[in-house]
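Note sheet for the following structure.
Numbering of ligands and ligand atoms starts at 1, following listing order.
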Amino acid sequence: MTASIKVGLLGLGVVGGGTWKVLQNNAEEIARRAGRRIEITAVAVRDVEKARKLLGDSPIRVTTDGLEIARDPQIDVVVELIGGETLAREWVMEAIRQGKHVVTANKALLARHGNEIFDAASDNDVMVAFEAAVAGGIPIIKAIREGLTANRIEWIAGIINGTTNFILSEMRSRGLPFNTVLAEAQRLGYAEADPTFDIEGVDAAHKLTLLASLAFGIPVQFDKACIEGIAKLEAEDIQHAARLGYRIKLLGITRRRDDGIELRVHPTLIPMNCLLANVEGAMNAVLVYGDIVGPTLYYGQGAGEMPTASAVVADLVDVARLDSADPEHRVPHLAFQPDAVKDIPILEADDIESSYYLRLRVEDRPGVLSDISRILAEAGISIGSMFQEPGEPGEASIIFLLHLAREGSVSVAIEKMSKLPFVRSEVTRLRVEELI
Ligand code: NDP
Ligand code: HSE
């Protein structure tokens with residue numbers, strides 16, 4: 001067997017610890033696949049004592065200085081699992097400059113600095129592999145980058161944040177309060193170091209940004225994503241959605257249109273009988289629509305120690321197999337050849353097209369519905385259905401499902417409705433997608 005490939009691990013937390021365990025436990029099986037052993041020789045952490053305890057009597061070198069690992073001439077691959085954008089970027093860029101391959105689970109790093117990192121990797125003839133950065137253990141990068149290459153991908157819709165899906169599922173099925181479920185997601189190792197990244201939809205947008213680049217051959221453009229998280233979602237809307245035959249999920253949606261690409265993350269009503277609506281807990285699922293193959297769906301554990309480590313180790317096996325391959329003939333980082341990446345515009349929020357759910361509390365008196373309907377009609381928006389719920393004495397909640405409309409038109413209509421004298425609440429707006 002060829003000499004082992006030497007790995008420097010930056011981070012030994014949830015994912016780093018899992019990666020170390022997988023490489024220990026499945027060493028034989030992995031070597032049979034890779035054609036050589038994958039050997040961790042050095043680890044960088046903050047707390048050396050804690051790391052030593054986990055590593056037991058193994059001869060792995062432990063340091064607090066990731067640069068030392070990035071510059072170690074004995075190391076072939078640097079696996080970045082510390083998270084964040086500052087040190088991670090510095091250490092990854094140095095490893096690349098030193099001619100080392102990089103494996104990372106850090107979607108924030110790639111969504112913000114991916115163009116720079118992939119360019120540097122190409123210039124230095126090294127690979128940057130990031131299967132673990134999107135949808136945990138699901139091999140979605142491999143599927144899009146290699147399995148679907150015959151297709152012009154039309155759209156992707158996915159549940160790509162385990163923490164928020166876990167929160168929404170537990171709140172709905174067990175009636176648990178938001179903060180209790182979030183604490184449990186943190187205990188289980190699903191949440192980001194800063195859980196607002198999960199709750200506010202930022203983590204899902206990082207991942208969606210990468211999926212869009214892989215699907216459409218565009219540069220990584222996180223700053224153009226439209227992002228809305230689950231923090232403002234109200235139990236009342238979850239119940240109304242159920243009554244209408246929908247479930248609310250935090251979806252990442254990216255769609256190719258004639259005038260550009262939609263890139264958006266938001267709570268979304270989806271029909272209860274569609275497969276994505278039944279993805280519960282920390283599970284993830286990604287629905288990809290290709291013009292040749294039609295819809296394909298990828299499902300699995302989207303967060304946590306072992307599922308994520310599974311993806312990290314899969315990347316390590318790829319790197320071990322392709323280390324000696326001609327760089328020109330490796331699969332391009334973003335699926336398309338670098339000179340074929342196109343600057344297709346990302347559409348502004350106002351240009352998104354979707355169906356909508358609106359809820360507003362009004363004074364219960366004649367003329368209310370006709371005034372609201374007139375505003376919607378003036379904005380060119382067609383009502384699909386509506387119902388009214390009694391509220392406090394003299395008040396009612398009105399819930400509308402609107403047909404496909406431009407987001408900008410819906411915003412104008414909402415602004416006008418909010419000024420009507422009989423409207424007693426803010427207008428809640430959620431997007432509705434029928435999917436397939
Ligand atoms: P953890 O917080 O569990 O682990 C982070 C590790 O990095 C720890 O070992 C920590 O050291 C080390 N570290 C942090 N800062 C430094 C530093 N300045 N110098 C040296 N070492 C440092 O994070 P996760 O394992 O959960 O996440 C790691 C990455 O994987 C993140 O990018 C995350 O987004 C991504 N990811 C996480 C998933 C999950 O389910 N948890 C799933 C998919 C991706 P110490 O132990 O000493 O504190
Ligand atoms: N915090 C992320 C999630 C980890 O909950 O999905 C996996 O990327």
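Remark: ligand 2 atoms within the under-4.0 Å shell around heavy atoms of Tyr190 are 1 (N), 2 (C), 3 (C), 4 (C), 5 (O). Which parts of ligand 2 touch Lys207 is read off a 4.0 Å heavy-atom cut-off, strictly below it: atoms 2 (C), 3 (C), 6 (O), 7 (C), 8 (O). Listed by number with element, the atoms of ligand 2 under 4.0 angstrom from any heavy atom of Gly162 are 3 (C), 5 (O), 6 (O). Those atoms of ligand 2 that come under 4.0 Å of a heavy atom in Asp198, given as number and element, are 1 (N), 2 (C), 3 (C), 5 (O).
The protein heavy-atom contact nearest to atom 5 (O) of ligand 2 is Thr163 OG1, 2.6 Å. Of the protein's heavy atoms, Gly302 O, 3.3 Å lies nearest to atom 7 (C) of ligand 2.
Electrostatic pairing of Arg361 and Glu389 does not count as a salt bridge here, judged by no charged N lying under 4.0 Å from a carboxylate O. With salt bridges taken as basic N to acidic carboxylate O contacts below 4.0 Å, one links Arg174 and Glu170. Electrostatic pairing of Asp72 and Lys6 does not count as a salt bridge here, judged by no charged N lying under 4.0 Å from a carboxylate O. Salt-bridge annotation for Arg264 and Glu407: absent, with no side-chain N of the basic residue lying under 4.0 Å from a carboxylate O of the acidic one. Under 4.0 Å is where a charged nitrogen must lie from a carboxylate oxygen, and between Glu39 and Arg37 no such pair does. With respect to Asp351 and Arg257, no salt bridge is recorded, no charged nitrogen being found less than 4.0 Å from a carboxylate O.
Residue Lys107 holds the heavy atom nearest to atom 8 (O) of ligand 2 of all those in Gln301, Glu192, Gln186, Lys107.
For the atom pair CZ (Arg429) and NE2 (His266), the distance works out to 10.0 Å, reported to the nearest 0.5 Å.
Put simply, the side chain of Leu401 reaches to within 4.5 Å of the side chain of Tyr246, judged on heavy atoms.
Both the backbone and the side chain of Asn161 come within contact range of ligand 2, each with a heavy atom under 4.0 Å. When heavy-atom distances to ligand 2 are checked against a 4.0 Å cut-off, Asn284 has no atom that comes that close, whether in backbone or side chain.
Looking at Arg359 and Thr428, their side chains do bring a donor and an acceptor atom within 3.5 Å of each other.
Every protein residue with a heavy atom nearer than 4.0 Å to ligand 1 is included here: Gly11, Leu12, Gly13, Val14, Val15, Ala44, Val45, Arg46, Asp47, Lys50, Leu81, Ile82, Gly83, Leu87, Trp91, Ala105, Asn106, Lys107, Ala132, Gly189, Glu192, Ala303, Gly304, Thr308.
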For residues 45-54, tabulate all N or O donor-acceptor pairs below 3.5 Å that involve a side-chain atom, not counting sequence neighbours.
residue	atom	partner	partner atom	Å
Asp47	OD1	Glu49	N	3.3
Asp47	OD1	Lys50	N	3.0
Arg52	NH2	Ile60	O	2.5

